[in-house]
Amino acid sequence: MTRLKLIIISMAIAGVVACNSQNKQIKNGDNSPEEKKVEAVAIAADPQILAGQWERTDGGYRLVLEEIKPDSHLKASYFNPGSIHVHQANWRPENEKLLVFVELRDINYPGSTYTLTYDKDRDMLTGIYYQAAMNQSYEIEFARIK
């Protein structure tokens with residue numbers, strides 16, 4: 001066989017192998033990152049369970065979560081006892097749990113954050129409050145206000 005024929009046959013075989021491996025990936029469910037995120041949400045609890053009014057168990061701090069969106073956005077309001085500006089808030093699934101992140105930016109709240117996990121067995125939000133003005137972190141819990 002001539003060198004040109006060998007090159008053409010090699011390219012044809014490589015093309016067939018590439019097509020077959022691509023078909024196997026599709027059949028095995030090798031999904032895009034967006035599809036994997038949707039699957040992860042399906043495994044975790046329904047994020048709508050986060051909606052409601054929550055109060056810290058160690059004081060009168062209140063967190064209101066509403067407008068829970070599938071794209072991880074949510075509307076959060078925070079009170080101590082007056083309204084504190086919420087700079088950003090979102091949720092995400094992780095290891096079959098729902099996580100909530102809230103960043104506060106206001107007087108005496110220069111980037112303070114809550115990093116919370118929803119505890120479905122106790123219907124509570126638990127996690128860490130980072131008090132930016134003092135550069136200190138505290139373990140905290142929020143109980144749902146019924």
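In this structure, Lys120 has no salt bridge (charged side-chain N to carboxylate O under 4.0 Å, His left out) partners at least two apart in sequence or on a different chain. With sequence neighbours excluded, the residues forming a side chain to side chain donor-acceptor pair (under 3.5 Å) with Asp58 are Arg56, listed by chain and number.
In terms of heavy-atom proximity, Ser112 sits nearest to Ala132 at OG-N, 3.1 Å. Here the closest non-hydrogen pair linking Ala89 and Ala76 is CB-CB, 3.6 Å. Taking every heavy atom of both residues into account, Gly52 and Trp54 meet most closely at O-CD1, 3.5 Å.
Atom CD of residue Gln48 and atom NZ of residue Lys69 lie 9.0 Å apart, to the nearest 0.5 angstrom. To the nearest 0.5 Å, atoms CG (Asn95) and OG1 (Thr117) are separated by 10.0 Å. Between the CD atom in Glu67 and the NZ atom in Lys75 there is a gap of 5.0 Å [rounded to 0.5 Å].
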Please walk me through it: do Arg92 and Asp71 pass salt bridge (Lys or Arg N to Asp or Glu O under 4.0 Å)?
CA-CA 9 Å; Arg92 67 184 168 91; Asp71 66 358; over 6 Å; no
Before giving the answer on side chain to side chain contact (heavy atoms under 4.5 Å, CB included), spell out for Glu141 and Arg122 the whole-Å C-alpha distance, their side-chain angles and the decisive distance to 0.1 Å.
CA-CA 11 Å; Glu141 294 182 322; Arg122 299 188 310 146; 2.6 Å; yes
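Between Arg62 and Glu55 no salt bridge is recorded (no basic side-chain N to carboxylate O distance below 4.0 Å).
Note on Val102: it clusters hydrophobically with Leu98, by side-chain heavy-atom contacts below 4.5 Å among ILVMFWY residues. Residues Leu116 and Leu50 share a single hydrophobic cluster, defined by chaining ILVMFWY side chains whose heavy atoms lie under 4.5 Å apart. Both Leu74 and Tyr78 are members of a single hydrophobic cluster when ILVMFWY side chains are connected at heavy-atom separations under 4.5 Å. Hydrophobic clustering, with ILVMFWY side chains joined whenever heavy atoms are under 4.5 angstrom apart, groups Ile84 together with Tyr138.
Between Ile68 and Trp91 the shortest side-chain heavy-atom distance falls below 4.5 Å. Counting heavy atoms from C-beta on, the side chains of Ile49 and Tyr118 come closer than 4.5 Å. Using a 4.5 Å cut-off on side-chain heavy atoms (C-beta onward), Asp123 and Lys146 make contact. Using a 4.5 Å heavy-atom cutoff, the side chains of Leu104 and Val86 are in contact.
Surrounding OH of Tyr61 are at most 12 heavy atoms belonging to other residues, nucleotides or ligands under 6.0 Å away. Within 6.0 Å of NE2 on His85 lie more than 12 heavy atoms contributed by other residues, nucleotides or ligands. Open room surrounds CD on Glu139; 12 or fewer heavy atoms of other groups in view lie less than 6.0 Å from it.
Of the possible polar contacts, none joining the Asp106 side chain to the Tyr109 backbone as a donor-acceptor pair under 3.5 Å is found.
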Show the atom names and distances, to 0.1 Å, of all donor-acceptor pairs under 3.5 Å that link a side chain in residues 124-131 to residues at least two apart or in another chain.
from: Tyr130; atom 1: OH; to: Asn135; atom 2: OD1; distance (Å): 2.8
from: Gln131; atom 1: OE1; to: Ala133; atom 2: N; distance (Å): 3.0
from: Gln131; atom 1: OE1; to: Met134; atom 2: N; distance (Å): 2.8

